[in-house]
2 protein chains.
Amino acid sequence: MTILENAALVLRCFGNNCTDLTVSEVSERLGLPKASASRLLKSMRETGMLEEIGGSRRHRPGRMMLNLSAAFRYSSGVIGRARAAVHELSQAFGHTGYVSIRDGRQVLAIADFEGTNALRVGASVGNKLPAERCATGRSLLARLAPAEVALLYPDGPVAERLASQLERIRRTGYSFSSQETTPGVDGLAVAVGDPVTSEAVSLCLVYPHNLVSEAERNTMIDAMLDSAGGIAEAVGDPLFRAAERRVPA
Amino acid sequence: MTILENAALVLRCFGNNCTDLTVSEVSERLGLPKASASRLLKSMRETGMLEEIGGSRRHRPGRMMLNLSAAFRYSSGVIGRARAAVHELSQAFGHTGYVSIRDGRQVLAIADFEGTNALRVGASVGNKLPAERCATGRSLLARLAPAEVALLYPDGPVAERLASQLERIRRTGYSFSSQETTPGVDGLAVAVGDPVTSEAVSLCLVYPHNLVSEAERNTMIDAMLDSAGGIAEAVGDPLFRAAERRVPA
DNA sequence: ACAACCGTTCCATTATTCGAAACAATTATC
DNA sequence: GATAATTGTTTCGAATAATGGAACGGTTGT
């Protein structure tokens with residue numbers, strides 16, 4: 001087991017409800033001897049991958065790590081464009097928006113824009129969600145061929161329901177969820193991808209369920225499809241074409 | 001030279017105008033043999049620290065790294081509060097806002113909020129700036145004792161000018177820069193810190209020089225001091241007290 | 001098709017990492 | 001405030017992974 005793997009495992013601990021770690025926590029979570037955990041954290045501290053929080057013995061990612069997400073964001077053309085688009089959409093409708101990518105069966109928000117409405121959904125970039133259970137995730141899954149989806153989700157009631165949902169998304173071009181992840185919160189998502197790098201991102205708006213009429217929702221969907229369509233055209237996304245033929249809601 | 005140090009050096013390459021790396025670039029920048037660079041990137045790929053961009057031979061930070069900045073942000077109370085405050089300030093005035101921390105003689109933006117005005121300053125989190133040459137940086141330097149500043153900036157004309165600037169900031173509680181970093185762009189900054197973790201952050205607003213009158217600027221300064229004062233009170237920042245006695249502009 | 005460049009793999013040598021237990025320092029409990 | 005319990009650090013030889021040079025595929029550009 002190389003030290004790099006262990007370092008990566010430590011870094012993986014951060015994220016969902018874990019903002020800092022101690023030696024014993026690492027020892028326990030990775031099943032490492034105390035000694036190894038201690039030395040590992042020490043090395044990571046010395047290289048700047050971790051830093052101590054205010055002289056205590058808790059560790060968090062070092063500030064050198066803060067640059068990395070920026071590098072990721074700008075390394076991809078689609079992501080940059082999606083960020084700009086969601087920012088505009090978020091401003092236009094006052095709702096919180098996300099840009100997300102899929103990682104296996106999970107989706108990961110890589111940018112968020114908090115809405116301007118008094119009642120808005122809080123933004124929390126970095127959270128992971130199960131792809132099959134949110135609008136964002138399904139919009140990305142819908143870009144896969146049914147056979148690829150089947151590889152991710154073995155046969156069963158879940159897979160069956162998902163297949164029909166994805167079929168609808170492919171037909172209409174957008175994805176919708178109502179109070180699925182969070183009670184009282186609905187979400188709309190549209191995905192675009194770069195055929196060259198084969199990277200796909202999802203543009204997503206989330207809003208309070210009771211605050212948006214069906215007419216407003218359709219306005220948002222149109223705006224999102226417009227924005228995403230612009231990106232799709234710019235990067236030459238062949239999969240997006242189908243969405244242009246979507247049936248009016 | 002442990003592999004962890006080299007990995008950290010690779011990660012450090014990302015950020016300022018560098019969103020992706022190749023084997024030979026790493027070999028050149030770190031002065032490593034091709035073979036070592038190749039294996040290093042391979043290992044980092046396998047652990048998820050890096051990923052290939054769309055099957056090419058360019059590498060960028062892996063998506064597992066995206067969680068880290070979130071962990072950093074939420075690991076600190078001041079940072080979270082500062083984010084919320086700057087978000088509100090940004091919305092209120094329509095100008096772009098930042099939250100930054102100091103790292104030696106540099107400042108690093110850890111959160112940004114793009115303004116809503118038609119003419120606004122673009123946001124770019126992750127950029128590093130020299131601390132002595134921007135409002136944000138000076139607001140943070142002003143929290144240090146003169147002796148500590150002297151350690152960072154050896155005697156000379158720069159240090160002398162800086163000392164008088166910091167003195168003014170300590171007296172008024174806020175920091176101002178006019179077209180210093182970017183032509184046409186002014187900035188206002190106020191710093192707060194957590195005495196427990198001894199972490200200090202700066203709240204900053206940037207706006208087009210020609211668009212803001214002196215009266216408007218004073219309104220912004222008041223609002224920023226209000227927001228920061230609230231944070232200072234909540235976390236018990238002893239250094240902020242002085243700012244309450246600031247002379248009206 | 002050729003050349004130039006970039007990236008990967010092989011090898012023995014070298015240096016780092018490993019786990020166990022003893023040691024030190026912290027925090028919790030009485 | 002003293003003791004106990006938990007948490008973090010250091011030391012050691014044995015084991016393992018990292019190193020750089022050179023030879024080997026693969027890709028790009030002319």
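Quantities reported herein were computed from a predicted structural model and do not represent experimental measurements. Chain letters run A, B, ... following the sequence lines, proteins first and then strands; every chain starts at 1. Heavy atoms only: backbone and side chains are in, while hydrogens, waters and symmetry mates are out.
Taking only side-chain nitrogens and oxygens, A/Asn6 comes nearer than 4.0 Å to OP1 or OP2 of C/dC18. Distances shown here put a side-chain N or O of B/Ser36 below 4.0 Å from the OP1 or OP2 atom of D/dG20. Taking only side-chain nitrogens and oxygens, A/Thr2 comes nearer than 4.0 Å to OP1 or OP2 of D/dA18.
Under a 3.5 Å cut-off, the side chain of B/Ser175 and the backbone N or O of B/Ala135 do form a donor-acceptor pair. No side-chain donor-acceptor contact under 3.5 Å links B/Arg58 to the backbone of B/Leu21.
Between A/Leu30 atom CG and C/dG19 atom P the separation is 11 Å, expressed in whole Å. Rounding to whole angstrom units, CG of residue A/Leu40 and P of C/dT17 are separated by 10 Å. At whole-Å resolution of the value, CD1 in B/Ile3 and C1' in D/dG20 are 14 Å apart. Atoms CD (B/Glu46) and P (D/dA18) sit 10 Å apart, rounded to a whole Å. Spacing between atom CD of B/Glu5 and atom P of C/dA15 amounts to 15 Å, rounded to whole angstrom units. Taking atom CG of residue A/Leu4 and atom P of nucleotide C/dT16, one finds them 16 Å apart after rounding to whole Å. In this structure, NE2 of B/His59 is placed 12 Å from C1' of C/dC6, rounded to the nearest angstrom. Regarding B/Leu32, its CG atom lies at a distance of 16 Å from the C1' atom of C/dC6, rounded to whole Å.
Contact detail for B/Ile101 and B/Leu140: the closest heavy-atom pair is C-CD1, 3.8 Å.
Taking the centre and axis of the six-membered ring of B/Phe72, the NZ or CZ atom of A/Arg63 falls outside the cone set by 45° and 6.0 Å.
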Please tabulate the protein-to-nucleotide N/O contacts below 3.5 Å involving nucleotides 6-9 of chain D, giving atom names and distances.
residue: D/dG8; atom: OP2; partner: A/Ser24; partner atom: N; Å: 2.7
residue: D/dG8; atom: OP2; partner: A/Ser24; partner atom: OG; Å: 2.2
residue: D/dG8; atom: O6; partner: A/Lys34; partner atom: NZ; Å: 2.9
residue: D/dT9; atom: OP2; partner: A/Ser38; partner atom: OG; Å: 2.9

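Side chains of A/Ser202 and A/Ser100: no donor on one and acceptor on the other come within 3.5 Å.
Looking at B/Arg60 and B/Glu51, a side-chain N of the basic residue comes within less than 4.0 Å of a carboxylate O on the acidic one, giving a salt bridge.
Applying the salt bridge (charged side-chain N to carboxylate O under 4.0 Å, His left out) rule to B/Glu25 yields no partners; only residues at least two apart in sequence or on another chain are considered.
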